[in-house]
Engineer: 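Dropping a structure here in structure tokens format, bear with me for questions.
This is a predicted model, so every value here is computed, not measured. Quick note on labels: first sequence line is chain A, next is B, and so on, each numbered from 1.
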There are 4 protein chains.
Amino acid sequence: MPKIVDAQIREATRQRILREAAREFARLGFDQANINLIAEQAGIGKGTIYLYFENKRALFIEMLRSIAQSQLASLRAALAEKGTLQQRLERLVLAFARMAEEDSDSFHVYMSSLYGVNRAFQAEATKQLHEYLAVIAHILEESQQAGEIQIEDVEMTALRIFSATESFVLSARVLGYTEQEITRQASVIAHQVLHGIGVHAG
Amino acid sequence: MPKIVDAQIREATRQRILREAAREFARLGFDQANINLIAEQAGIGKGTIYLYFENKRALFIEMLRSIAQSQLASLRAALAEKGTLQQRLERLVLAFARMAEEDSDSFHVYMSSLYGVNRAFQAEATKQLHEYLAVIAHILEESQQAGEIQIEDVEMTALRIFSATESFVLSARVLGYTEQEITRQASVIAHQVLHGIGVHAG
Amino acid sequence: MPKIVDAQIREATRQRILREAAREFARLGFDQANINLIAEQAGIGKGTIYLYFENKRALFIEMLRSIAQSQLASLRAALAEKGTLQQRLERLVLAFARMAEEDSDSFHVYMSSLYGVNRAFQAEATKQLHEYLAVIAHILEESQQAGEIQIEDVEMTALRIFSATESFVLSARVLGYTEQEITRQASVIAHQVLHGIGVHAG
Amino acid sequence: MPKIVDAQIREATRQRILREAAREFARLGFDQANINLIAEQAGIGKGTIYLYFENKRALFIEMLRSIAQSQLASLRAALAEKGTLQQRLERLVLAFARMAEEDSDSFHVYMSSLYGVNRAFQAEATKQLHEYLAVIAHILEESQQAGEIQIEDVEMTALRIFSATESFVLSARVLGYTEQEITRQASVIAHQVLHGIGVHAG
DNA sequence: GATGAATGAGCATTCATTCAT
DNA sequence: CATGAATGAATGCTCATTCAT
């Protein structure tokens, strides 16, 4: 009964495909990326990829989902530890900066889907955006319950924080700033956001 | 000597091509967009487009430049009038929101180039980003000279403002917020940015 | 010693494959038919089919042979009973009409092979055609010996009878005639054929 | 104004494609035939074929139509001349035999469509079959008006004649008979058909 | 200059077949 | 024996680009 081993091998292959797909899609974009090349780089035959994913689009979408899960996990881990809102916001910037650096392909392929023109891909990326915002909203609510701040529109505030953090990291990278230069902005950004919210609610 | 008329006709055709290109590229992205269709919609033969642009990539790049000029002009017009920094930052958000609404195609095709995976397109879009930042830096310096604020790193501050404004507008649109809902955030964003900078430097 | 049972099971599986193959090939033709689907519908794994048939072509050829045997048996049964040549020719038309109706898949897959462009399949189908003709020739010779008719070229006469009977049934079906309408022609066709031969040799 | 020449060149190219298509389809059948090869043999680029025909299927259908027109013209020409019904029926066999010999590709690709399993192709081929039958029905009616014969069901009679002539030619060719051997049967077949109808109606 | 017919590189996808289990 | 995961050859079709008119 080689089921367990099989399942493991299968999952490993699947992950290898997703990884190579992220690499190719990040390098060339959806249309220019070559499925056959992805298969080759994943060390499998070109027909095999279709045993794991229905077609090129499905592979792309599932790759987006995979990225989403991974990045969200990183984010949650970064914000799990308690602390002041200032500290947590700083950690948010650092988390985004690290993600963008360490898993650059995934970060960029996700952002390009979110802001690209393909509606289907944008819809999928937007799902993850909602999750990001939920994570941010969650720490805002914790701070609010702790009497740290007083917020009227949690949703919009979360979106402003998202712009000030993830979008900032993205723009900074596009402009060629290093991770170090970006992380150095963490405290300033946290400060900016905090005062934008209206600290010391009490 | 029909030179002047010819030149005018030629320029008009060029503009028509650029307009239709923006529409198609915004609708389908670079790869999926069809050059022949753009030519047809511009009312010219499909060979003619190559008398105006070297190839599809060149057309895309020049379209980006054209968008850049137009949007930069809007931005400068919006910030030309004097006022407090708070007012000017509010106008910045409003300007981006209006651009995203009224010239939606251009706005999105530009943003998708800036954050997309194609290096050549990103490089071109980045040029415009530098110009945006220069405009923002300019009003910051004016405010600084007026003693309104005190800034250490103008460049990074401008980038933070960019994230808090244009990227915010972009994200908000992706999430489906209306122009009204977005513009309503103008004053809050301006306030957030101002306090992030550290107003009342003195 | 489960030999006998095994052999029975094996033969049953083989027949099931042939039946499903006939169905699929009749539905889609050789190229469009899907081996994996045939295996699935026969209730076996897709690798198993290759334990029974060398490849897709061999399966098709053997299916043709299987059809041939079955149809030839029907034909012989229909003509076994004695009678006048007129009666037997009528029974011939009826036999073809019934075959085309009751085992429509087999009838059409055979005819399409006989008249199709694939030389290998046509060669196989032609073998059966020779057998059909032999059956027809046999009853002609019996009638001849009985002094009923006088024939010069038995082979060509048999072929003319084949055209007037099986090909007639095929064409009529293609045109949408019902079995009833076709069988109603049996006596006329028999009559036509008989007078074509030159009855009452004596 | 090179319109006329252009139209001629265009039509010539179209005919060349149709001719090569008939050759390839006759050689390999629809599925196995290679569009790129047809283009190559027609002396054009592989993209060019799609300027003349929407896709492979459309090319096949139009090829069938083209064959139909051509063969029907041959048939009508063969039967245009007046004569006794016996003479005309003999000419019918000869016409089919000549078509099958001289334009063998067309003849077989048409017959394989008529009797093949592809419904779309069969439907198209059936249209031509109706025309064949109409031509046969026409000479029957002429003979009837001339008091030569008396027929009850013209439609079915025409179909019986079709089987006895075209299908006979087809079967004979499949069996390897030469054109000479086939044409030698013309008078016998005409005789068979005539007596089947019931000559000397009076 | 303007045109559009012609071109062919390029690629996603299918499916008969193999073979390790 | 039976299986089905893996394979890769094979191909219809699109569309940016060229160039004769």
Side-chain angles (χ1 to χ4, degrees), chain A residues 1-3 5-6 9-10 13 30-40 43-59, chain B residues 2 6 9-10 13 30-40 43-60, chain C residues 2 6 9-10 13 30-40 43-60, chain D residues 1-3 5-6 9-10 13 30-40 43-59:
Chain A
M1 198 179 65
K3 272 293 178 55
V5 173
D6 272 18
I9 290 175
R10 205 180 151 72
T13 300
F30 178 78
D31 292 288
Q32 292 289 330
N34 184 322
I35 280 280
N36 299 348
L37 189 58
I38 292 173
E40 195 181 313
I44 58 173
K46 68 174 121 177
T48 310
I49 217 164
Y50 291 92
L51 297 178
Y52 290 83
F53 303 95
E54 196 181 339
N55 53 35
K56 195 184 187 183
R57 280 176 52 96
L59 169 59
Chain B
D6 273 18
I9 290 175
R10 205 180 151 73
T13 300
F30 178 76
D31 291 289
Q32 292 288 330
N34 186 321
I35 279 281
N36 299 347
L37 190 57
I38 292 173
E40 192 182 315
I44 57 172
K46 62 176 144 174
T48 310
I49 216 164
Y50 290 90
L51 298 176
Y52 289 84
F53 303 95
E54 196 183 338
N55 53 34
K56 194 185 188 184
R57 283 174 48 100
L59 168 60
F60 190 86
Chain C
D6 274 15
I9 289 177
R10 204 180 151 72
T13 298
F30 179 76
D31 292 288
Q32 292 290 327
N34 186 321
I35 279 281
N36 298 348
L37 189 57
I38 292 173
E40 192 182 315
I44 58 172
K46 61 176 142 176
T48 310
I49 216 164
Y50 290 90
L51 299 176
Y52 291 82
F53 303 94
E54 197 183 337
N55 52 35
K56 194 186 187 183
R57 282 174 48 101
L59 168 59
F60 191 86
Chain D
M1 200 179 67
K3 273 292 176 57
V5 174
D6 273 19
I9 290 176
R10 207 180 150 72
T13 299
F30 179 77
D31 292 287
Q32 293 287 330
N34 184 323
I35 278 280
N36 299 348
L37 189 57
I38 292 173
E40 196 181 313
I44 58 172
K46 69 172 120 174
T48 310
I49 217 164
Y50 292 93
L51 296 178
Y52 290 83
F53 303 95
E54 197 180 338
N55 52 37
K56 195 185 188 184
R57 282 175 51 97
L59 168 59

Engineer: Considering heavy-atom distances to DNA chain F, does A:G45 or B:K56 have its closest nucleotide positioned more toward the 5' end?
Structural biologist: A:G45

Engineer: Looking at A:F30, does the NZ or CZ of A:R57 lie under 6.0 angstrom from its six-membered ring centre and within 45 degrees of the ring axis?
Structural biologist: no

Engineer: With a cut-off of less than 4.0 Å, is there a side-chain N or O of C:K46 near OP1 or OP2 of F:dG4?
Structural biologist: no

Engineer: If I take atom CZ in residue B:F53 and atom P in nucleotide F:dT18, what distance separates them, rounded to the nearest angstrom?
Structural biologist: 16 Å

Engineer: Rounded to whole angstrom units, what separation is found between the CG atom of D:N55 and the P atom of F:dT14?
Structural biologist: 8 Å

Engineer: Distance check needed: F:dA20 P versus D:D6 CG, whole Å only.
Structural biologist: 15 Å

Engineer: Under 4.0 Å between a side-chain N or O of A:N34 and OP1 or OP2 of E:dC11?
Structural biologist: yes

Engineer: Separation of D:L51 atom CG from E:dG4 atom C1', in whole Å?
Structural biologist: 10 Å

Engineer: How long is the line joining CD1 of C:I35 and P of E:dT17, in whole Å?
Structural biologist: 7 Å

Engineer: What is the base-pairing partner of F:dT11, counting Watson-Crick and G-U wobble geometry with both distances under 3.5 Å?
Structural biologist: E:dA12

Engineer: By the definition side chain to side chain contact (heavy atoms under 4.5 Å, CB included), identify the one residue from A:N34, A:I38, A:I35 that meets it with A:K56.
Structural biologist: A:I35

Engineer: Strictly below 4.0 Å: does A:Y52 bring a side-chain N or O up to OP1 or OP2 of F:dA6?
Structural biologist: yes

Engineer: Working note: C:L51 + C:I44, criterion side-chain contact (heavy atoms from CB on, under 4.5 Å); need CA distance, chi angles, decisive distance, verdict.
Structural biologist: CA-CA 11 Å; C:L51 299 176; C:I44 58 172; over 6 Å; no

Engineer: To the nearest Å, how far apart are D:I49 CD1 and E:dA9 C1'?
Structural biologist: 17 Å

Engineer: More 5' along DNA chain E: B:G43 or D:T48, using each one's nearest nucleotide?
Structural biologist: B:G43

Engineer: Using whole Å, report how far CG of B:D31 lies from C1' of F:dC15.
Structural biologist: 12 Å

Engineer: First locate atom CD1 of A:I49, then atom CG of A:N55, and finally report the distance between them rounded to the nearest 0.5 Å.
Structural biologist: 11.0 Å

Engineer: Does F:dG12 have OP1 or OP2 under 4.0 Å away from a side-chain N or O of D:R57?
Structural biologist: no

Engineer: Judged by each residue's nearest nucleotide on DNA chain F, which is more toward the 5′ side, B:N36 or C:G47?
Structural biologist: C:G47

Engineer: How is A:A33 classified with respect to the nucleic acid when contacts are heavy atoms under 4.0 Å: base, sugar-phosphate, or nothing?
Structural biologist: sugar-phosphate

Engineer: Starting from C1' on F:dT17, measure out to CD1 on B:I38 and report it in whole angstrom.
Structural biologist: 14 Å

Engineer: Could you pull out the closest heavy-atom pair between C:G45 and C:A39, with the gap in Å?
Structural biologist: O-CB, 3.8 Å

